[in-house]
Amino acid sequence: MPPNFIRTIITADMETNKYGGRVNTRFPPEPNGYLHIGHAKSICLNFGLAQEFGGRCNLRFDDTNPLKEEEEYIQSIQEDVRWLGFDWEDRLYFASDYFVQLYEWAVQLIKTGKAYVDDLTADEIREYRGTLTKPGKESPYRNRSIAENLALFEQMKNGKFKNGEKVLRAKIDMNSGNLNMRDPVMYRILHASHHRTGDKWCIYPMYDWAHGQSDSIEKITHSICTLEFEDHRPLYDWFIQNLGIHAPQQIEFARLELTRTVLSKRKLLKLVQEGMVDGWDDPRMPTISGLRRRGYTPESIRDFCERIGVAKSNSVVDLALLEHCLREDLNKRAPRVMAVLRPLKVIIENYPLNQIEELEAVNNPEDPGMGTRKLPFSREIYIDQDDFRENPPKKFFRLAPGQEVRLKHAYIIRCEKVIKDEKTGEILELRCSYDPATRSGDDPGGKKVKGTLHWVSLQQAVPAEIRLYDHLLDNPVSDDAGEEPDFLAPINPHSLEILQSFVEPSLKTAAAGSRFQFLRQGYFCVDSKFTSPNKLVFNRTVSLRDSWAKIEKSQGSEEK
RNA sequence: UGGGGUGUCGCCAAGCGGUAAGGCACCGGGUUUUGGUCCCGGCAUUCGGGGGUUCGAAUCCUCCCACCCCAGCCA
């Protein structure tokens, strides 16, 4: 376990017995969207820390704004946390469960002269708040009597007022350099139905008023949150102190940012709403459900979260690291199969007509325990268009006129002739010859060739739709570029490419969600949404590293 | 110009007064019936900058610079 500053703090707290040797964290999402990879960092941190120190981690929904929250999100969030591999056991909580307690505490603060009902409008409150450099002004309603505040607050609760007519504010300090301390709003009037409490309430606590107390109620020891709440901490401490209740320790860390994508619920919601993607679980989305559908494993995401570390400096992690974690995991577990993405027909002229051989193929060279399977081989096969060049560049070890290659698990073939469309010049098929003495496994010390191709026997090939994904965004955009209306402008128009391909027959009954390595190409999984009994659809999870592409690229630049 | 933070290799990130971990990326080389995997090697005389303390500083002091967050009845 690599050290990080939070582990260091908790370790020290354990040594000093600060919380009686107890560690209780929590993951507190608002159910207003789907979870994404950034949340995964927080989930892994909170649940991971609890596990590591023999403590517990709660799942609590911070559902204090009925205008934005939905049941659908509550379900998806639970599914995603579970899928990531974490268990909150019986500790599923909702801030809305604490509404009564919160109300009573608000009354308590009014009674001690620490809170008051304000009649100022939203605009007026903003004006009175002052600016970053100018202190605020006290509201004319700030010094109402306790009795009047009590009566007014109760009337607020009882629905006597319209939305926005009054708020309850904490009475702290309008001159504070920290704007959060300039009499923050605790309750607003919202005549809205809540997904859990229905119409019971028409006043709802603000996050700042609900969050710290919710942590306190749950006896949280370490309340881990992101950097932007750092200057809310004095406010949370103020509430806790004036209420005289259990004080959790808040620790802030930098949220995750990833290159080539956007991690903001607001923007992801927009992508969904504008129909620019196929829902929250579109395989291009950085959401947990999107990554799951794309074929990511929970193990790889957890590994990623461990490797990026936890610190307080704002940073942008290279997507390449996530992909590395994925490949590393999939390399060990994904069965190898053959699929031809862009088919090119090859006829092996000296191979007997109508003969079909069943060749043996290992399922995973990384794990002999995964066994072998039979592959049909015949006179007509498909290879990938990329594996043939009529005029091969230097170091092109694949097929070209007169050149030899090994067909994986089969024979060595030589390209004898290229059949082209007379008019367009398009390459229609290749005529090859094979060397019967080179059958895979039967030619010890036989001839060596530099290239090995994947292929599929034409007769037995199973048609499949293959979806190739590219980064959603052409260029990384900063998260706050989102205030501009056209923040979606850099969306990559080629982020999805759909191919009609052929896969080997063993894949015919592949289960939805199952993952494979298509030899020499990448990792793919059976799409769980578009696959049907008569249509196989694969998502490319991530390509294999491609050093030929690099060589070719550098050759190209040399020529310039 | 107020308050709160952060600055260590292209990207993350350890380090907490004893002379710069690790990962990703990148660049070589080896193995290979996946141009995959794996293996081996390279990759910060320097820690935002200037002063200072010390035998010794990325670590302590000091001044400066840069960047991020805060003016929702959002979270």
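Just so we're clear, the structure is a prediction, and the values are computed from it rather than from any experiment. Just so we're on the same page: letters track the sequence lines, and every chain starts at 1.
Considering only heavy atoms from C-beta on, A:L375 comes within 4.5 Å of A:M338 through its side chain. Between A:L235 and A:M181, some side-chain heavy-atom pair lies under the 4.5 Å cut-off. Using a 4.5 Å heavy-atom threshold, the side chains of A:E257 and A:V317 count as separate.
With rounding to whole Å, A:R439 atom CZ is found 18 Å from B:U33 atom P. The separation between A:E127 atom CD and B:A71 atom P is 16 Å, rounded to whole Å. Distance A:L319 CG to B:C12 P: 13 Å, rounded to the nearest Å. Separating the CZ atom of A:R233 from the C1' atom of B:C70 is a distance of 14 Å, rounded to the nearest angstrom. As rounded to whole Å, 18 Å separates atom P of B:C70 from atom CE of A:M181. If you take CD1 of A:I551 and P of B:C27, they are 10 Å apart, rounded to a whole angstrom. A:F518 has its CZ atom 14 Å from the C1' atom of B:U34, to the nearest Å. Atom-to-atom, CE of A:M1 to C1' of B:A13 comes out at 16 Å; the value is rounded to the nearest Å.
Taking atom P on both B:C16 and B:G5, the two are 23 Å apart, rounded to the nearest angstrom. With C1' as the reference atom, B:U59 and B:U8 are 11 Å apart, rounded to whole Å. Using atom C1' as the reference point in both B:G49 and B:U31, the two lie 49 Å apart (nearest Å). Taking the P atom of each, B:U62 and B:C27 are spaced 45 Å apart, rounded to whole Å. Taking atom P in both B:C9 and B:G15, the straight-line distance is 16 Å, to the nearest Å. Across B:G7 and B:C60, the matching P atoms stand 12 Å from one another, rounded to whole Å. Rounded to the nearest Å, the gap between the P atom of B:C40 and that of B:C24 is 13 Å. On the C1' atoms, B:A75 is 44 Å away from B:G36, given to the nearest whole Å.
Mapping A:A311 and A:K134 onto RNA chain B by nearest heavy atom places A:K134 at the nucleotide closer to the 5' end. Heavy-atom distances to RNA chain B give each of A:A254 and A:R327 a nearest nucleotide, and the one nearer the 5′ end belongs to A:A254.
No engagement by A:P135 is indicated, since no non-hydrogen atom pair under 4.0 Å with the nucleic acid exists. If you check every strand for non-hydrogen atoms under 4.0 Å, A:F396 touches a base. Nucleic acid contact class of A:H409 (heavy atoms, under 4.0 Å, all strands): base. Residue-level contact check: A:R398 touches the bases, meaning some heavy atom is under 4.0 Å from a base atom. Among the heavy atoms of the strands, none lies under 4.0 Å from A:K265. Residue contacts for A:V449: at a heavy-atom cut-off of 4.0 Å it reaches no nucleic acid atom on any strand shown. In this structure, A:L519 reaches the bases: a heavy-atom distance under 4.0 Å links it to at least one base atom across the strands shown.
Remark: side-chain polar atoms of A:K265 are paired, donor with acceptor, to backbone N or O of A:E30 under 3.5 angstrom. With hydrogens and angles ignored, the 3.5 Å screen pairs a side-chain donor or acceptor of A:T297 with a backbone N or O of A:S300.
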Sub-3.5 Å pairs of nitrogen or oxygen atoms, protein against nucleotides 72-75 of chain B:
residue : atom : partner : partner atom : Å
B:G72   : OP2  : A:R126  : NE           : 3.0
B:G72   : OP2  : A:R129  : NH2          : 3.3
B:C73   : OP1  : A:R129  : NH2          : 3.3
B:C73   : OP2  : A:R129  : NH1          : 3.2
B:C73   : N3   : A:G164  : O            : 3.3
B:C73   : N4   : A:L120  : O            : 2.9
B:C73   : N4   : A:A122  : N            : 3.0
B:C73   : N4   : A:G164  : O            : 3.1
B:C74   : OP2  : A:R188  : NE           : 3.2
B:C74   : OP2  : A:R188  : NH2          : 3.1
B:C74   : O3'  : A:R188  : NH2          : 3.1
B:C74   : O2'  : A:N65   : ND2          : 3.1
B:A75   : OP1  : A:T64   : OG1          : 2.8
B:A75   : OP1  : A:R188  : NH1          : 3.3
B:A75   : OP1  : A:R188  : NH2          : 2.9
B:A75   : OP2  : A:Y207  : N            : 2.9

Atom pairs, protein N/O to nucleotides 18-23 of chain B N/O, distance under 3.5 Å:
residue : atom : partner : partner atom : Å
B:G23   : O2'  : A:R307  : NH1          : 2.9

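B:G36 is unpaired under the criterion used here, namely a Watson-Crick or G-U wobble arrangement in which both key atom distances are under 3.5 Å. In this entry B:C67 has B:G5 as its Watson-Crick or G-U wobble partner, both defining distances falling under 3.5 Å.
With hydrogens and angles left out, the side chain of A:T452 and the base of B:U34 share no donor-acceptor pair within 3.5 Å. Interface remark: the A:N178 side chain does not form any donor-acceptor pair with the B:G4 base, using a distance-only criterion of under 3.5 Å. Contact annotation: side chain of A:Q517 to base of B:U34, donor-acceptor pair present below 3.5 Å.
A:F253 and A:F229 have their aromatic ring centers separated by at least 6.0 angstrom. Taking the six-membered ring for Trp, A:Y116 and A:F153 have ring centres at least 6.0 Å apart. Between A:F524 and A:F538, the ring centre distance reaches or exceeds 6.0 Å.
A close approach under 4.0 Å does occur between a side-chain nitrogen or oxygen of A:S313 and OP1 or OP2 of B:A13. Residue A:R260 has no polar side-chain atom (N or O) positioned under 4.0 Å from OP1 or OP2 of B:C11. Contact annotation: A:S315 side-chain N/O to B:A13 OP1/OP2 distance is under 4.0 Å. Between B:C68 and A:K312, no contact under 4.0 Å exists linking OP1 or OP2 to a side-chain N or O.
You'll find that the side chain of A:E366 is closest to B:G36, out of B:G36, B:G4, B:U6. Of the listed nucleotides (B:U33, B:A14, B:G4), B:G4 has the atom at the smallest distance from the side chain of A:E230. Comparing B:G2, B:C12, B:G36 by their nearest atom to the side chain of A:R336 picks out B:G36. Minimum atom distance to the side chain of A:R406 is reached by B:U33, of the listed B:C26, B:U33, B:C68. When distances run from any side-chain atom of A:T133 to the nucleotides B:G2, B:G36, B:C24, the shortest one goes to B:G2.
In B:G29 the O4'-C1'-N dihedral to the base is more than 90° from 0, which defines an anti nucleotide.
For the pair A:R398 and A:F388, the cation-pi criterion (under 6.0 Å, within 45° of the ring axis) is not fulfilled.
Ring geometry, A:Y236 versus A:H232: the interplanar angle falls from 30° to 60°, so the pair is classed tilted. In this pair, A:Y204 and A:H194 present their aromatic rings parallel. The plane angle is below 30°, not in the 30 to 60° band.
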Problem set entry | Worked check of side-chain contact (heavy atoms from CB on, under 4.5 Å) between A:Y128 and A:D118 | CA-CA 12 Å; A:Y128 275 69; A:D118 197 351; over 6 Å; no
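The salt bridge (Lys or Arg N to Asp or Glu O under 4.0 Å) test applied to A:R520 returns A:D387, not counting sequence neighbours.
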